Amino acid sequence: MKRTEIKTLLESTDYGKTVNVKGWVRTKRESKNVAFIALNDGSTIKSVQIVVDKNPEIEKILDNIHTGAALSVNGTIIESPGKGQKVEIQAKEIEVLGPADPEEYPLQPKKHTLEFLREIAHLRFRTNTFGAITRVRHAMIFAIHKYFTENGFYNIHTPIITASDAEGAGEMFQVTTLDLNNIPKTDDGEVDFRKDFFGKPANLTVSGQLEAELAALALSKVYTFGPTFRAENSNTSRHLAEFWMIEPEVAFYDINDDMDLAEDMVKYLIRYALENCMDDLGFLSKRQQDEEKSKKADERSMELIEKLRFVIDQEFERITYTEAIDILRNSKPNKKKKFQYLIEGWGADLQSEHERYLVEKHFKKPVIITDYPKDIKAFYMKQNDDGRTVRAMDVLFPQIGEIIGGSQREDDYDKLYNRIKEMGIPEESMWWYLETRKFGSVIHSGFGLGFERMMLFVTGMGNIRDVIPFPRTPLNCEF
RNA sequence: UCCUCCUUAGCUCAGUUGGUUAGAGCAUCUGACUGUUAAUCAGAGGGUCGUAGGUUCAAGUCCUACAGGAGGAGCCA
């Protein structure tokens, strides 16, 4: 018999119909004459209840069924006389496909800490929380491609291995086939990269932006959605060494068009989640509220679904860096010296506490800050006429902080060339990037959206290691 | 990388000013129970207290180092 997915089954009203379901046991409850098994196959967060009328033969099978075991059940769909579910399966035949030794199986029908589940990442998919996160993550991946496709973008695959170390977006993972126990050296004692696979040093990408720009200057609207690697020794709940980033790049867009795109896209993704993942979001909302029970009322998060709706309904506040500095300088925490880093003058980078003040206290909604001092931003950003700021934009979200970083790109050959020189970037590694400003250069803009940070926001999870299946962080490369 | 905190049963935790054989809930096992919803009830088994040193008559408890984890900061997405 063909397997019926539990998601389909629970929506069915074909009472009396014989079906087959396969899945993993969440709990088993037994009394003298009847047993109940909650079976889940991951097609939905809901489990189906298998009702087993006991007899000596089936009891032998029941003895072998524990939390975690995989079952195949043939039975009939019946209307449930019990509370908590409309439909259930009256079992006729049960086969244990794969038993799970209860003495060893670590998951129990109870709350586990997220830290413990991280240590058993190979099994944590089988929990309600990670099942929900995984399904929402898929929905978000799909919605991203859908959004861009509907809006005339082309997806491009930018290289994962690159030889340009010019972007300066952080420490990189080196890629080499050299024997590390016997490194070839040049006459001056330096590593002889001519002997390496590519004949020069190579690294894992820290951003697909520079290559995406090349494509945008031909196809107008492109985006990348790929893995990104940062070898920074970051130990926070918001950083991963391997994460996924969405980077649209659009010709003829200025910084304002760029902001419009960012805001529209983020809202689209949230709307998609609300329209397609309510079962999972409802569970994640309850989970979050449960977790925050011990917190004081004013420290608790806004209810997840309410928060998502709230963000869709709000226009993101757009201010310049200079305006942000003014607000912060005159803010209560600054005057009362509550900030760890006091705002004194123009030019310093904003700290997390400042961003959080602006988003969570002052505006109480997402904020986009533009026109940062050029000295604290990357070389490729469009220089303003004032000579001291660039057309950068950061989208800041409550609790998460920077979720998007982007800019209008410098399209003037001379200005870009001079900036590369000023910042000591080896120009010979950037010849191809510079050439696009020599031939048919036009204004263009783009941004990077951290996918896992978006996932944090949509799921209400607190740690980025819990919204990616197998997190890579310093000293952690298990699974 | 810096600061702070944590590490006791399979899991989640309690363990008083250092003082006899280290406790609970859940899970597991045994039994009871006519439909349960993380079922319930009764009983049983389960621990070299993260590792290595040290102080002390005596260390789960105090000190040092190391390991692992968490929160915050920096870097950023």
Side-chain angles (χ1 to χ4, degrees), chain A residues 26-38 46-54 63 66-68 78 80-85 88 90 100-120 127-128 167-171 206-209 225-247 262 290 339-341 349-356 376-378 394-397 400-406 447-457 462-468 473-476 478:
Chain A
R26 286 294 169 78
T27 60
K28 180 183 72 169
R29 295 176 288 275
E30 274 187 83
S31 61
K32 197 172 186 180
N33 300 318
V34 66
F36 302 93
I37 298 164
K46 294 173 190 155
S47 297
V48 69
Q49 174 154 282
I50 310 292
V51 185
V52 187
D53 286 330
K54 285 192 176 175
D63 285 347
H66 300 94
T67 300
I78 58 169
S80 178
K83 284 175 186 168
Q85 63 280 317
E88 59 191 22
Q90 181 69 50
D101 183 349
E103 297 283 358
E104 286 183 61
Y105 188 65
L107 290 172
Q108 302 158 24
K110 61 164 269 187
K111 282 241 151 44
H112 291 287
T113 60
L114 295 169
E115 290 83 1
F116 172 68
L117 293 173
R118 248 170 251 157
E119 292 169 14
I120 51 165
T127 63
N128 284 332
E167 220 237 301
E171 294 294 312
V206 292
S207 164
Q209 180 202 316
F225 184 6
T228 309
F229 307 90
R230 305 270 168 96
E232 244 111 43
N233 192 9
S234 297
N235 292 287
T236 81
S237 53
R238 303 183 306 283
H239 290 87
L240 291 165
E242 176 183 292
F243 63 99
W244 292 72
M245 189 154 64
I246 299 111
E247 296 178 285
D290 238 40
F339 283 143
Q340 201 186 335
Y341 298 88
D349 207 351
L350 301 178
Q351 305 292 319
S352 288
E353 56 179 348
H354 305 136
E355 296 178 350
R356 294 190 69 152
I376 58 172
K377 289 291 181 184
D394 284 358
V395 180
L396 309 179
F397 262 40
I400 294 153
E402 186 179 344
I403 196 165
I404 286 176
F447 62 80
L449 166 66
F451 183 58
E452 283 76 16
R453 289 194 180 169
M454 186 71 202
M455 281 294 296
L456 282 179
F457 187 75
N463 194 315
I464 203 160
R465 292 164 197 154
D466 297 326
V467 294
I468 188 167
T473 53
L475 299 174
N476 182 5
E478 196 68 39

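Keep in mind it's a predicted model, so treat the numbers as computed, not measured.
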Base partner of [N], which must satisfy Watson-Crick or wobble distances under 3.5 Å:
| N | answer |
| --- | --- |
| B:A59 | none |
| B:G18 | none |
| B:C5 | B:G69 |
| B:C29 | B:G43 |
| B:C13 | B:G23 |
| B:C49 | none |

message = Using a heavy-atom cut-off of 4.0 Å across all strands, would you classify A:Glu104 as base, sugar-phosphate, or nothing?
response = nothing

request  = Indicate, with a heavy-atom threshold strictly under 4.0 Å, whether A:Gln49 touches base, sugar-phosphate, or nothing.
outcome  = base

Set out, line by line, the N/O atom pairs under 3.5 Å between protein and nucleotides 39-45 of chain B.
{"residue": "B:A39", "atom": "OP2", "partner": "A:Thr27", "partner atom": "OG1", "Å": "3.2"}
{"residue": "B:A39", "atom": "OP2", "partner": "A:Arg29", "partner atom": "NH1", "Å": "2.4"}
{"residue": "B:A39", "atom": "N6", "partner": "A:Glu30", "partner atom": "O", "Å": "3.1"}

Donor-acceptor pair present, [X] side chain and [N] base, under 3.5 Å:
| X | N | value |
| --- | --- | --- |
| A:Glu88 | B:G35 | yes |
| A:Gln108 | B:G10 | yes |
| A:His239 | B:C76 | yes |
| A:Ser234 | B:C75 | yes |

Looking at [X], I'd like to know whether one of its side-chain N or O atoms comes within less than 4.0 Å of OP1 or OP2 on [N].
| X | N | value |
| --- | --- | --- |
| A:Lys32 | B:C33 | yes |
| A:Thr236 | B:G71 | no |
| A:Asn33 | B:U34 | no |
| A:Asn463 | B:G71 | yes |
| A:Arg118 | B:A70 | yes |
| A:Arg465 | B:A70 | yes |

request  = Map A:Gly448 and A:Pro474 onto RNA chain B by nearest heavy atom, then report which one ends up closer to the 5' terminus.
outcome  = A:Pro474

message = Taking B:G18 as the reference, what is the distance to B:C76 when you measure between their C1' atoms (whole Å, please)?
response = 47 Å

ask   = Between A:Leu240 and A:Thr473, is a side chain to side chain contact (heavy atoms under 4.5 Å, CB included) present by the stated rule, with each step listed?
value = CA-CA 5 Å; A:Leu240 291 165; A:Thr473 53; 3.9 Å; yes

key: Reported CZ-to-CD distance for the pair A:Phe447 and A:Glu247, which is rounded to 0.5 angstrom   = 10.0 Å

inquiry  = Between A:Thr228 (side chain only) and A:Ser207 (backbone N and O only), is there a donor and an acceptor less than 3.5 Å apart?
reply    = no

ask   = Regarding A:Arg29 and A:Thr27, is there a side-chain donor-to-acceptor distance under 3.5 Å anywhere?
value = yes

ask   = With A:His239, which of A:Arg453, A:Arg230, A:Glu452 fulfils side chain to side chain contact (heavy atoms under 4.5 Å, CB included)?
value = A:Arg453

message = Can you tell me which nucleotide in B:G71, B:U36, B:C76 comes closest to the side chain of A:Asp349?
response = B:C76

